[in-house]
Amino acid sequence: MGGVAGQEAAADAAADTGAAVDSADARLLMGVVSGHPPDAIDQLYQRYSGRIYGFGVRLLGDRQLAEELVQETFVRLWRTAGSFDPGRGSVTAYVLTMARRIAIDLWRRPSSRPFDPEPPDAPAPGDQVDAVLTSVAVSEAMATLSPQHREVLELSYHGDLTQADIAAVLGIPLGTVKTRSYYALRALKLALLERGVDG
């Protein structure tokens with residue numbers, strides 16, 4: 001019984017540590033707006049640049065694009081720091097969601113990818129339409145999830161992070177990530193079935 005109590009105490013301590021770190025990061029983000037401390041953006045850069053770079057390498061598969069992702073993320077963070085709302089989520093989630101959106105923009109930019117002629121086994125136009133409709137249904141279904149559930153799925157699938165990575169990124173216990181993932185996938189499957197997609 002002491003083992004379970006010890007695990008729960010460790011999980012609570014980890015959650016408290018994550019909350020304290022996020023509170024410090026939130027103060028730094030507000031410092032970007034107010035100018036106090038004057039090196040707030042530099043401190044945030046030290047805390048998040050390595051994580052964003054690794055995220056970019058995994059997502060984009062290119063070190064130069066990953067470096068560009070880091071730069072673009074901090075420029076946008078500097079411009080939009082005042083719009084951060086701590087009631088809507090953690091600083092980590094805010095920064096990584098921003099990085100993910102920028103990564104998608106970088107990937108879609110034609111100059112980011114080498115020109116590849118269409119392969120001979122390219123899908124037929126009808127298949128492409130089905131894929132687009134499925135993609136729209138998935139986007140709509142994702143929008144029905146709670147922010148916490150959507151966050152773990154996005155970090156897992158778009159960010160290509162393991163559950164342990166997600167726990168570290170969000171500063172929450174691994175058990176919480178597993179629980180959120182389970183309920184998120186269950187809710188997503190139901191939302192997809194409502195839209196005629198067999199999840």
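Note that CD of Gln148 and CG of Leu170 are 10.0 Å apart. Values are rounded to the nearest 0.5 Å. Remark: Arg101 CZ to Glu154 CD distance equals 8.0 Å, nearest 0.5 Å. In this structure, the separation between CG on Leu106 and CG on Leu65 is 6.0 Å, given to the nearest 0.5 Å. Taken to the nearest 0.5 Å, the CG atom of Asp62 stands 9.0 Å off from the CD atom of Glu67. For the atom pair Asp165 CG and Arg51 CZ, the distance stands at 10.0 Å (nearest 0.5 Å). Note: Leu28 CG to Gln46 CD = 10.0 Å, rounded to the nearest 0.5 Å.
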Exercise for review: Please test Leu192 against Lys189 for side chain to side chain contact (heavy atoms under 4.5 Å, CB included), starting from the C-alpha separation and ending with a verdict.
Suggested key: CA-CA 5 Å; Leu192 286 170; Lys189 184 170 184 174; 5.7 Å; no

Practice item. Give the intermediate values and the outcome of side-chain hydrogen bond (donor to acceptor under 3.5 Å, both in side chains) for residues Tyr48 and Thr92. Key: CA-CA 8 Å; Tyr48 288 98; Thr92 301; 3.0 Å; yes

Check your understanding: Could you walk me through whether Ser181 and Gln163 pass the side chain to side chain contact (heavy atoms under 4.5 Å, CB included) check?
Key -> CA-CA 9 Å; Ser181 298; Gln163 289 184 331; 3.5 Å; yes

Practice item. Could you go through the side chain to side chain contact (heavy atoms under 4.5 Å, CB included) check for Leu69 and Tyr53 one step at a time? Key: CA-CA 7 Å; Leu69 172 63; Tyr53 177 78; over 6 Å; no

Exercise for review: Please lay out, stage by stage, how Leu155 and Val152 fare under the test side chain to side chain contact (heavy atoms under 4.5 Å, CB included).
Suggested key: CA-CA 5 Å; Leu155 290 173; Val152 294; 5.9 Å; no

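Of all heavy-atom pairs spanning Thr144 and Ala191, the tightest one is OG1-CB, 3.7 Å. Between Ala40 and Gly31, the shortest heavy-atom contact is CB-C, 3.7 Å. Here the shortest heavy-atom pairing between Leu185 and Leu153 reads CD2-CD2, 3.7 Å. Between Thr176 and Ile172 the shortest heavy-atom distance is CG2-CD1, 4.0 Å. In plain terms, the two heavy atoms of Ala143 and Arg150 that are nearest each other are O-NH1, 3.6 Å. Taking all atoms of both residues into account, the shortest heavy-atom contact from Met30 to Ala81 is CE-O, 3.6 Å.
At a threshold of 4.5 Å between non-hydrogen side-chain atoms, the residues Leu44 and Phe74 count as touching. The side-chain heavy atoms of Leu77 and Leu29, taken from C-beta on, include a pair separated by under 4.5 Å. Contact annotation: the side chain of Ile166 never approaches that of Thr162 to less than 4.5 Å [non-hydrogen atoms, C-beta and beyond].
Hydrophobic clustering (side-chain heavy atoms under 4.5 Å, transitive across Ile, Leu, Val, Met, Phe, Trp, Tyr) keeps Tyr183 apart from Met142. Following chains of ILVMFWY side-chain contacts shorter than 4.5 Å, one can reach Ile102 starting from Trp78, so the two form part of one hydrophobic cluster. Under the 4.5 Å side-chain heavy-atom criterion for Ile, Leu, Val, Met, Phe, Trp and Tyr, Leu174 and Leu96 are members of distinct hydrophobic clusters.
For the 3.5 Å distance criterion, the side chains of Ser83 and Tyr94 qualify, holding a donor opposite an acceptor.
The one candidate from Lys178, Arg186, Arg180 that meets the side chain to side chain contact (heavy atoms under 4.5 Å, CB included) condition with Tyr182 is Arg186.
Side chain of Thr80 to backbone of Arg76: a donor-acceptor contact under 3.5 angstrom is found. In this structure, Asp39 contributes its side chain and Asp42 its backbone to no donor-acceptor pair below 3.5 Å.
Within a 6.0 Å sphere centred on OH of Tyr45, heavy atoms belonging to other residues, nucleotides or ligands number 12 at most.
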